Amino acid sequence: MYDVAIIGAGASGLMCACVLKIKNHKLKVLLLEKNDKIGKKLLITGNGRCNLGNLNTNISNYNSSSDINRFKKYLDIKEFLDSKDDVIPSLLDNENYIEYLKYIGIIIKEDEKRLYPYSNQAICVCKAFERYLNYLNVDIKYNYDVTSAIKKDNNFIINNDIKVRQVVIATGGKTYPKTGSTGAGYEILRKFGHNIKTLYPSLTYLKTDYKYIKDIAGVRFDCLVSLSVDKTIKETEDGQVQFTKDSVSGICVFDLSRNVKKYIDEKKKVSLIINLVPNYSVYQLEKYIKSFKEYKIEDALSGIINNKLACVIAKQLKIHGKLVKQMKKSEIDHVLFTLHNMYFNITQTGDFNHAQITNGGANLDEFTDKLESKICKGLYAIGEVLDVDGKCGGYNLSWAFTSALIAGDEIVKMSSK
Ligand SMILES: Cc1cc2nc3c(=O)[nH]c(=O)nc-3n(C[C@H](O)[C@H](O)[C@H](O)COP(=O)(O)OP(=O)(O)OC[C@H]3O[C@@H](n4cnc5c(N)ncnc54)[C@H](O)[C@@H]3O)c2cc1C
């Protein structure tokens with residue numbers, strides 16, 4: 001009989017298997033994966049570079065409908081890197097996933113605070129896990145789709161087939177289902193009595209019905225973007241925005257997208273308000289535009305914003321082709337306002353096939369600080385299946401790895417009792 005079965009060989013499941021065996025090599029650990037290989041989603045992270053973490057990690061980068069402050073010490077990179085927890089300092093310098101990654105052969109490098117494998121290749125991360133799990137003698141069953149798990153006496157029975165003492169649900173969320181993360185873990189947890197907070201696609205593009213969106217498809221620029229919900233600004237992000245033929249995209253938009261589907265379902269009015277020229281005041285912009293009196297307004301604007309954007313602003317305000325010197329004060333004021341407040345009504349978000357992360361999931365309140373189920377002893381959940389989601393920038397993989405460390409450590413402690 002196995003001591004622990006981990007369902008899912010993605011980021012969290014792989015890390016959990018390593019932690020268990022590193023801390024207690026006698027534990028019999030089984031990894032169950034429905035695909036024919038490990039880490040299919042890991043392979044596509046960070047555009048194939050695998051953004052493993054971020055030096056700015058702190059609790060404010062995370063979102064949950066439960067209070068996640070009890071995980072602050074793990075999700076605050078300063079506290080985390082400095083922590084001298086009681087857990088296995090004899091094997092590793094520090095109890096944090098970066099040390100573990102190093103330990104299994106994944107050397108990290110930093111690029112603008114983001115952490116990547118030194119090789120810049122997600123495939124090297126998967127290969128390192130594969131090699132290390134082999135070295136640790138972790139049994140992996142591929143093409144094994146877990147459809148049921150029940151508790152009988154003090155053990156768990158998986159698919160009416162495998163008997164095991166403890167189970168870790170590491171099945172991920174619901175996004176990019178082709179990678180194997182189809183949301184099966186939610187059903188397994190539901191059957192144990194857990195509540196699943198409504199699932200929404202998050203970190204995705206936002207669809208707009210802006211009249212001239214096709215005219216600006218392909219345009220990218222740095223700006224300040226605010227998310228407005230029922231006329232209240234909820235959040236503001238800076239960064240590069242990209243337009244497609246029907247949507248607004250870019251990392252800063254992804255970060256703002258986290259609760260948008262929820263707002264839309266609640267019939268709230270959602271919009272993006274973009275400050276195209278955050279570094280210029282109204283006064284400076286007015287002075288600039290008026291210094292080109294003989295120019296058509298779109299040509300004057302082209303000196304400071306993308307030419308296609310300049311044209312659609314002129315069209316939107318019905319002043320296309322007008323010379324600056326012919327414009328009324330109210331028209332100039334409108335242009336100035338629009339430069340700082342270009343408005344995009346948001347009609348929908350990308351779906352689960354296009355979102356990077358699932359917002360919602362297994363109710364965190366039903367799990368202990370060590371991620372053991374409060375409903376069923378010996379059952380753990382880690383990674384994206386839980387109701388925790390992070391911003392873009394490596395925060396989701398750091399949650400997957402960190403939660404694996406938390407649960408893995410507890411399982412080892414419990415097993416030795
Ligand atoms: C395109 C894209 C890019 C991303 N880039 C980044 C990034 O650069 N940085 C970052 O921090 N985050 C990134 N993320 C998010 C990150 O990949 C996930 O949050 C993370 O992989 C979650 O880890 P996990 O172990 O919980 O789940 P997953 O990695 O999804 O792994 C779950 C595993 O469980 C298996 N499984 C599911 N159900 C069953 C079952 N019933 N039986 C057996 N096996 C099962 C699946 O096949 C899968 O292998 C990205 C996501 C996407 C989609």
Side-chain angles (χ1 to χ4, degrees), residues 5-17 30-54 57 61-63 75 97 111 114-117 120-122 125-126 129 140-149 158-159 161-162 167-189 191 201-205 251 254-255 350-359 361-362 371 380-404 407:
I6 301 167
I7 307 176
S12 62
L14 293 167
M15 180 59 94
C16 189
L30 175 65
L31 203 45
L32 299 169
E33 171 54 53
K34 67 155 76 146
N35 290 323
D36 59 1
K37 58 178 169 206
I38 62 166
K40 251 184 140 178
K41 187 174 274 182
L42 252 184
L43 279 176
I44 58 166
T45 56
N47 282 327
R49 280 180 78 197
C50 193
N51 181 192
L52 293 156
N54 198 303
T57 300
N61 301 118
Y62 293 91
N63 188 39
L75 295 176
Y97 76 89
D111 181 358
R114 292 173 179 233
L115 304 176
Y116 293 94
N120 256 335
Q121 282 189 301
V125 177
C126 288
F129 273 118
I140 307 180
K141 271 189 197 276
Y142 292 101
N143 301 309
Y144 194 95
D145 188 358
V146 175
T147 52
S148 80
I158 294 172
N159 282 5
D161 171 32
I162 298 166
V167 168
V168 181
I169 309 291
T171 44
K174 252 189 92 151
T175 67
Y176 279 68
K178 273 191 246 164
T179 61
S181 321
T182 52
Y186 302 122
E187 290 319 308
I188 297 172
L189 285 166
K191 287 191 182 135
S202 180
L203 302 192
T204 182
Y205 58 77
I251 288 175
F254 278 22
D255 283 339
D351 59 16
F352 283 110
N353 293 313
H354 298 95
Q356 290 198 358
I357 188 96
T358 313
N359 169 306
L371 299 176
Y380 293 78
I382 56 177
E384 199 178 317
V385 75
L386 288 165
D387 174 22
V388 177
D389 61 280
K391 287 185 171 184
C392 284
Y395 303 111
N396 289 300
L397 283 176
S398 43
W399 168 250
F401 293 140
T402 302
S403 57

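Just so we're clear, the structure is a prediction, and the values are computed from it rather than from any experiment. Indexing begins at 1, ligand by ligand and atom by atom, following the structure's order. Values reported hereafter were calculated over all heavy atoms of this structure, with side chains retained and with hydrogens, waters and symmetry mates removed.
- Of all the heavy atoms of A400, the ones lying under 4.0 Å from any atom of ligand 1 belong exclusively to the side chain.
- At least one N or O atom of D145 sits closer than 3.5 Å to an N or O atom of ligand 1.
- Residue D111 qualifies as enclosed at atom CG: its count of foreign heavy atoms under 6.0 Å is above 12.
- Of the heavy atoms in T45, both backbone and side-chain atoms come closer than 4.0 Å to ligand 1.
- Using a 4.0 Å cutoff on heavy atoms, G185 does not count as a contact of ligand 1.
- Assignment of L42 to the shell around ligand 1 is not supported, since no heavy atom sits closer than 4.0 Å.
- Nearest residue to atom 5 (N) of ligand 1 from G10, G46, A184 is G46 (criterion: closest heavy atom).
- A 4.5 Å side-chain heavy-atom check between T175 and S181 finds every atom pair outside the cut-off.
- Contact annotation: for T179 versus ligand 1, heavy atoms closer than 4.0 Å belong to the backbone alone.
- Other residues, nucleotides and ligands place no more than 12 heavy atoms under 6.0 Å from the CD1 atom of I251.
- Protein heavy atom nearest atom 38 (N) of ligand 1, with residue, atom name and distance: T171 CG2, 3.4 Å.
- Closest approach of F352 to K174, counting heavy atoms only: CB-O, 3.6 Å.
- Distances from atom 32 (C) of ligand 1 to the heavy atoms of A355, G393, G361, A170 put A170 nearest.
- The single protein non-hydrogen atom nearest to atom 16 (C) of ligand 1 is L397 CD2, 4.0 Å, given as residue, atom name and distance.
- Residue-level proximity to ligand 1 for W399 is absent, since no heavy atom of it falls below 4.0 angstrom.
- With a 4.0 Å cut-off on non-hydrogen atoms, I38 does not touch ligand 1 at all.
- Taking each of Y176, Y142, Y116 in turn, the one with a heavy atom nearest to atom 1 (C) of ligand 1 proves to be Y176.
- Contact annotation for K41 and ligand 1: only side-chain heavy atoms (C-beta onward) come within less than 4.0 Å of the ligand.
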Report the C-alpha separation of L203 and Y395 in whole Å, then their side-chain angles, then the decisive distance to 0.1 Å, and conclude whether the side chain to side chain contact (heavy atoms under 4.5 Å, CB included) test is met.
-> CA-CA 12 Å; L203 302 192; Y395 303 111; over 6 Å; no
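- For ligand 1, none of its N or O atoms has an N or O atom of T175 under 3.5 Å away.
- With contacts defined as side-chain heavy-atom distances shorter than 4.5 Å, the pair T57/Y62 qualifies.
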